[in-house]
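Take a look at the structure set out below.
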Protein chains: 2
Amino acid sequence: MEQVQTLIHGKSIIPVNASAENSSDKNSRLLANCSIAIQNGRILDILPISEATKKYSSESTFDYDHHIIIPGLINAHTHAAMTLFRGLANDLHLMEWLENHIWPAERKWVNEDFVQHGSQLAIAEMLRGGVTCFNDMYFFAETTAQVATKSGIRAHIGMILLDFPTQYAKDADEYFSKGLALHDQFKAHPLVKCTFAPHAPYTVSNAPLERVAMLANELELPVHMHLHETQDEIAQSIEQFKARPLQRLHNIGLVNSGLLAVHMTHLEDQEINLLAETNTNVIHCPQSNLKLASGFCPVQNLREKNINVALGTDSCASNDDQDMLSEIHSAALLAKGVANNAAALPAYDALRCATINAAIALGVDQDTGSLEIGKSADLTIIDVNTLEAQPMYDPVGHVVYATQRNQVSDVWVAGKQLLSNRKLLTLDENEILAKTKEWNQKIKN
Amino acid sequence: MEQVQTLIHGKSIIPVNASAENSSDKNSRLLANCSIAIQNGRILDILPISEATKKYSSESTFDYDHHIIIPGLINAHTHAAMTLFRGLANDLHLMEWLENHIWPAERKWVNEDFVQHGSQLAIAEMLRGGVTCFNDMYFFAETTAQVATKSGIRAHIGMILLDFPTQYAKDADEYFSKGLALHDQFKAHPLVKCTFAPHAPYTVSNAPLERVAMLANELELPVHMHLHETQDEIAQSIEQFKARPLQRLHNIGLVNSGLLAVHMTHLEDQEINLLAETNTNVIHCPQSNLKLASGFCPVQNLREKNINVALGTDSCASNDDQDMLSEIHSAALLAKGVANNAAALPAYDALRCATINAAIALGVDQDTGSLEIGKSADLTIIDVNTLEAQPMYDPVGHVVYATQRNQVSDVWVAGKQLLSNRKLLTLDENEILAKTKEWNQKIKN
């Protein structure tokens, strides 16, 4: 018998793999009674339990006989540290919300400590909700990177860039130098990677964007940016630049397969064609778009053009959670309403948006986003032995429409268990809760 | 000291009461450090904890010092027994879903046993999710009524009516006679009440609807009916009756303050005016409407005309849960997107839709829907001492945007505790889970 470090037996596994994708047989989307053999953090084998128990002996074995195993979920857009602002201001128009509540709170509170404790809270919440990878954009990014490293989660950390000074950096040059130092520090890290993160078309001018385009091309890094979030953003761009934001970025050379365009709620047909031709990725944040009344991302239209769509929670100031299972559910429902088509964004495709599509967008689909031999063992395990989760007729539909994050029992990243029976193994839950309450007291006074 | 049966101390209580409603001071919506004294199932007093401990001695005392207490949630539209069909068919167009999946499954499976076990499952799920009252429409209604009675939940049971025969009744006369016998049986029951439940305009013809109008008026009972759920329903009505469904019901005398019009996704301005003039109640089911791509209920427009809007989950075949906290969240988000207004359906008003508005629609607002002296002690208690529920700046917004049903720790109906630390006290969870799995096996084969 071959020795492996870990053997995971699953009653139902949804691998979201390429062969299922290319098959017309929907049954190939679900593996029943199979085992995942893990060695050195990677998936060595996936095979029927009956064969696995003959072929492999393992240092540790896990039986998930009343569970569904899915690839670890990827949160493709967030501002993790802002979890300390969860629900700070509700039911307000976007500019009132930003200018009178969020920006003043950021000016007053955001520093390294805030980012450390906020990132810890967000990562703890994400892991407990089955998220194994997140794509972040915020100040003091090196602190978020450090917290991520300690937790064992996979993280894509934005090298944030704005025109205006903040406590983090005084000008574009300082944003760039801090960002590039961060990239240099983490470039060999197996789980933490950097992206360029120019905040939005209305906060970054042409010269620094041109520099991002050049550096992103040179360093082969993704560009993570808010884009076409609101009608106002578009009107302002037309006035200032004589072009809609997408066209302006295209002129600068940023619209390509390395771009993660977040929100995209207002799109003309020719813009959808441009996204398709350039293999640009769209990051859809349905709950945030609804809460801020930003508009509806035309998910079905994008999918009809084979545009890669991934999902993000956005920050806890506009959501108010880091819950990707709920975001998948919202995305699948909203796409149907917006397209006036009950078959729009079916369950399996919604799950792809939170797994393999996000991995493709981030350029890490060789490593994660599905359960396939050779990929990193990033797994989320969902307990379905509860009243609320029974009966179950179709596990794929069940994950999307009938599952809540408190059913996530176990989580693995790169073969390392980070959540066991809902307990975090690398983060101190009580300490994080206590720190969060301290910030709550300070900020609300 | 005055002796009371139960004293409940709460750190944060949102009573959703009339005095808060009439006050311009938002702070009056939240009671901090107050006690609820309960005697004979009713709220005897609400007062500061410091006064309560001097004024009352109690047989039992409960301290909820890291919780939010809200009125018990009311699910204003469901088909409880269908919880056994949870997620039976997904991502299908409405008529394919109904004709090829739901109706055949109903013909094959629905009998008294199905309704008993399905209702038990639904009621268990609702209680664990903070729902203390539901408004039901389904076959074998007397079985659902009996299950409700045993569980201790508050229930409004529909006397279902269709033109076509089912295993439950062969014609309109038999539907009426079974329904009226049920009403007779339960008319003195403190918690279980009957409503007329003609299924929909396209399944019930004029003569039985006229009889409903007459009897509802005579017996002073509400009428619970699907209405304007889809564009097709309206087109068909115009063809068959030369009138849109709402107008047809108005001609029959059914459009009044006793009507609970469920869905209402396609409404013209003059129809909204008619609803306002007649004090008709709209029951909004956002998740079901999205999943079936039925259209968007214009919640903000209804609210601007002071139309009473309540919320329902609809059945687990189109949702796929009986989760009112999630439904409130969806309603608050979707209203903003549809109205293109981030201030539409603010948190407090969304909470009203699931409490006092529903009680008004069902004609039981003297008894429930808010925490006020003299009303029944129907309480839902939410634990906020978790990572996912911290920080918390505004408890009202928190309940709507940042709370999930697994945080519901305790539930009381008419002064009787039905859920304690997430354990059901009147229903056998293991038995219900086992029965559900049996049905799952049978139905999926």
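Using a 4.5 Å cut-off between heavy atoms, F296(B) touches chain A through its side chain atoms alone. For Q441(B), no part lies under 4.5 angstrom from a heavy atom of chain A. Contacts of L88(B) with chain A are made by both backbone and side-chain atoms, with heavy-atom separations under 4.5 Å. Using a 4.5 Å cut-off between heavy atoms, Q404(B) contacts chain A through its side chain alone, with no backbone atom that close. Contact annotation for N385(A): both backbone and side-chain heavy atoms come within less than 4.5 Å of a heavy atom of chain B. For L424(B), the part lying near chain A is the side chain, with the backbone staying farther off; criterion is any non-hydrogen pair under 4.5 Å. For Q287(A), the parts lying near chain B are the backbone and the side chain together; criterion is any non-hydrogen pair under 4.5 Å.
A tilted orientation is assigned to the rings of W439(B) and H117(B), their planes being inclined by 30° to 60°. Under the 30°/60° scheme for interplanar angles, the aromatic rings of F114(B) and F85(B) are found to be tilted.
Most heavy-atom pairs under 4.5 Å with chain B: of the set L292(A), L92(A), V396(A), L94(A), this distinction falls to L92(A).
We find the CG-CE distance between L351(A) and M324(A) to be 9.5 Å, quoted to the nearest 0.5 Å.
Heavy atoms of other residues, nucleotides or ligands lying less than 6.0 angstrom from NZ of K108(B) number 12 at most.
Shown here are the salt bridge (charged side-chain N to carboxylate O under 4.0 Å, His left out) partners of K435(B), two or more places apart in sequence or in another chain: E438(B).
Residue-level contacts of residues 328-338 of chain B with chain A, in order of numbering, are H329(B), L333(B), L334(B), K336(B), G337(B), V338(B); threshold 4.5 Å between heavy atoms.
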